[in-house]
*Asks:* 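Would you mind keeping the following structure in view while I ask a few things?
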Amino acid sequence: MAELDEDRYRPAVPPRAACAYTGCSCEENVWKLCDYIRSRGERPVEEFYAVFISNERRMIPLWKQKSGHGDEPVVWDYHVILLHVSSGEQNFIYDLDTELPFPCPFDVYSTEAFRLDDSLHPEFHRKIRMIRADLYLETFASDRSHMKDADGKWQKPPPSYPCIETADSKMNLDDFIGMNPRVGWGSVLPLSDFVRQFGRQTHLSCSVKAQ
């Protein structure tokens, strides 16, 4: 069935190589995906969510990342992916930094990239902040100051387009990375709850609750 779901699914964005992408700028890469989906108008933008993965220590392991080595995880301070709550039997993840398919069936991504917190030391347990794509486009802002070292030099080349800002803010990235549910936008939940809610077996009954 998973293969059939994937075959029937029509991606909401261009192939990976044609998407706007800057290394170490996952939050902006996902913002660009959301913007593309909204501008095309072919899919309801309300079906998509920006998903921030982090924790209090900002140490989260993910497997199957392009910057990884073999079967070793990459430990990020945070990572951002795009979730599509599909009308089919399977939800999909868009991650421009993964070795997995793009888009990737949710359950495949969960098994291969997330794996389980149960086998990890508690300091590596992951939390999720999910923000509906239209809200993410309206609220996210970054002046990219987190990408500079103490001398003000870029640690990695920044995106070529202007910084993303809103009428209210030029920099609020920490409000998205932080996992305090009382601060920022969207919903915060443990990774296990996220997987349970949007995995194949239960997402049809839970997706209405996520809107």
Side-chain angles (χ1 to χ4, degrees), residues 1-2 5-6 23-27 29-30 33 47-86 89-133 135-136 140 146 173-211:
M1 284 295 293
D5 288 344
E6 190 172 358
C24 298
S25 296
C26 54
E27 65 279 2
N29 295 334
V30 167
L33 293 178
E47 294 180 356
F48 296 84
Y49 293 81
V51 176
F52 280 72
I53 310 160
S54 192
N55 58 24
E56 286 76 9
R57 291 178 175 265
R58 298 199 179 183
M59 294 191 302
I60 54 110
L62 286 178
W63 284 260
K64 301 296 183 180
Q65 294 284 286
K66 291 188 292 186
S67 57
H69 301 283
D71 198 42
E72 293 297 316
V74 175
V75 179
W76 299 112
D77 50 352
Y78 68 95
H79 189 48
V80 190
I81 58 179
L82 183 70
L83 165 68
H84 182 199
V85 180
S86 168
E89 295 181 8
Q90 177 81 253
N91 295 320
F92 285 83
I93 293 290
Y94 293 78
D95 180 0
L96 286 162
D97 292 292
T98 189
E99 297 175 342
L100 296 169
F102 180 86
C104 185
F106 185 97
D107 291 342
V108 174
Y109 192 92
S110 176
T111 301
E112 297 290 333
F114 289 147
R115 305 197 182 180
L116 296 174
D117 272 350
D118 297 351
S119 60
L120 301 175
H121 191 279
E123 68 184 8
F124 293 111
H125 286 188
R126 294 150 293 181
K127 289 186 177 180
I128 297 292
R129 179 185 293 273
M130 53 183 298
I131 311 99
R132 207 168 72 177
L135 180 61
Y136 188 52
F140 174 77
H146 65 294
L173 176 59
D174 279 348
D175 290 344
F176 290 90
I177 300 173
M179 291 295 152
N180 182 346
R182 295 183 296 275
V183 177
W185 298 267
S187 303
V188 176
L189 62 163
L191 175 65
S192 57
D193 288 357
F194 177 70
V195 170
R196 190 178 304 115
Q197 183 167 348
F198 294 101
R200 184 185 187 88
Q201 290 74 23
T202 59
H203 93 266
L204 290 176
S205 61
C206 295
S207 58
V208 173
K209 185 167 58 178
Q211 297 304 314

*Asks:* Which residue pairs pass the side chain to side chain donor-acceptor pair (under 3.5 Å) test with at least one member in residues 112-124, sequence neighbours excluded?
*Replies:* Asp71-Arg115, Asp117-Arg126

*Asks:* Work out which heavy atom in Leu83 is nearest to a heavy atom in Phe106; give both atom names and the distance.
*Replies:* CD1-CD1, 3.8 Å

*Asks:* Would you check, one step at a time, whether the test side chain to side chain contact (heavy atoms under 4.5 Å, CB included) holds for Val30 with Phe52?
*Replies:* CA-CA 10 Å; Val30 167; Phe52 280 72; over 6 Å; no

*Asks:* Go through Phe140 and Leu135 one step at a time and tell me if the side chain to side chain contact (heavy atoms under 4.5 Å, CB included) criterion holds.
*Replies:* CA-CA 8 Å; Phe140 174 77; Leu135 180 61; over 6 Å; no

*Asks:* To the nearest 0.5 Å, how far apart are CD1 in Ile93 and OG1 in Thr98?
*Replies:* 10.0 Å

*Asks:* State which residues pass ring pair (Phe, Tyr, Trp, His ring centres under 6.0 Å) with Tyr94; sequence neighbours excluded, sorted by chain then number.
*Replies:* Phe102

*Asks:* Any non-hydrogen side-chain atom of Asn91 less than 4.5 Å from a side-chain atom of Ser86?
*Replies:* yes

*Asks:* If you take all heavy atoms of Phe124 and Pro61, which pair is closest and at what distance?
*Replies:* O-CD, 3.5 Å

*Asks:* Return the OH to CZ distance between Tyr136 and Arg129, rounded to the nearest 0.5 Å.
*Replies:* 11.5 Å

*Asks:* Applying side chain to side chain contact (heavy atoms under 4.5 Å, CB included), run through Val188 and Ile128 and close with a yes or a no.
*Replies:* CA-CA 5 Å; Val188 176; Ile128 297 292; over 6 Å; no

*Asks:* Just by distance, do the side chain of Asp95 and the backbone of Ile81 share a donor-acceptor pair under 3.5 Å?
*Replies:* no

*Asks:* Indicate every side-chain donor-acceptor pair of residues 174-183 with a distance under 3.5 Å to a residue at least two apart or in another chain.
*Replies:*
residue: Asp174; atom: OD1; partner: Arg58; partner atom: NH1; Å: 3.4
residue: Asn180; atom: OD1; partner: Arg182; partner atom: N; Å: 2.9

*Asks:* According to ring pair (Phe, Tyr, Trp, His ring centres under 6.0 Å), who are the partners of Trp76, at least two apart in sequence or on a separate chain?
*Replies:* His79

*Asks:* Identify the two heavy atoms, one from Ala50 and one from Leu82, that lie closest to each other, and give their separation to 0.1 Å.
*Replies:* N-CD1, 4.2 Å

*Asks:* How close do Cys104 and Pro101 get, counting heavy atoms only, and between which atoms?
*Replies:* CB-O, 3.2 Å

*Asks:* Which residue in the set Tyr109, Phe92, Phe48 passes ring-ring contact (aromatic ring centres under 6.0 Å, His included) when paired with His84?
*Replies:* Phe48

*Asks:* What is the distance from atom CZ of Phe194 to atom CD1 of Ile53, rounded to the nearest 0.5 Å?
*Replies:* 7.0 Å

*Asks:* Applying side chain to side chain donor-acceptor pair (under 3.5 Å), name anything that partners Glu99, two or more places apart in sequence or on another chain.
*Replies:* none

*Asks:* Run the side chain to side chain contact (heavy atoms under 4.5 Å, CB included) test on Gln197 and Met130 for me, step by step, so that the C-alpha distance in whole Å, both residues' side-chain angles and the decisive distance to 0.1 Å come before the verdict.
*Replies:* CA-CA 12 Å; Gln197 183 167 348; Met130 53 183 298; 5.8 Å; no

*Asks:* Return the CZ to CH2 distance between Arg132 and Trp185, rounded to the nearest 0.5 Å.
*Replies:* 15.5 Å

*Asks:* Any side-chain heavy-atom pair from Ser110 and Phe198 closer than 4.5 angstrom?
*Replies:* no

*Asks:* Of all residues at least two apart in sequence or in a different chain, which pass the side chain to side chain donor-acceptor pair (under 3.5 Å) check with Lys64?
*Replies:* none

*Asks:* Look at the side chain of Asp77 and the backbone N and O of Met59, then say whether any donor-acceptor pair between them is shorter than 3.5 Å.
*Replies:* no

*Asks:* Which pair of heavy atoms, one from Ala113 and one from Leu100, lies closest together, and at what distance?
*Replies:* CB-CD1, 4.1 Å

*Asks:* Measuring only between side-chain heavy atoms, which start at C-beta, is Leu120 closer than 4.5 Å to His125?
*Replies:* yes

*Asks:* Between the main-chain N or O of Leu96 and the side-chain N or O of Lys66, is there a donor-acceptor pair closer than 3.5 Å?
*Replies:* yes

*Asks:* Quick one: OH on Tyr78 to NE2 on His146, what's the gap to the nearest 0.5 Å?
*Replies:* 3.5 Å

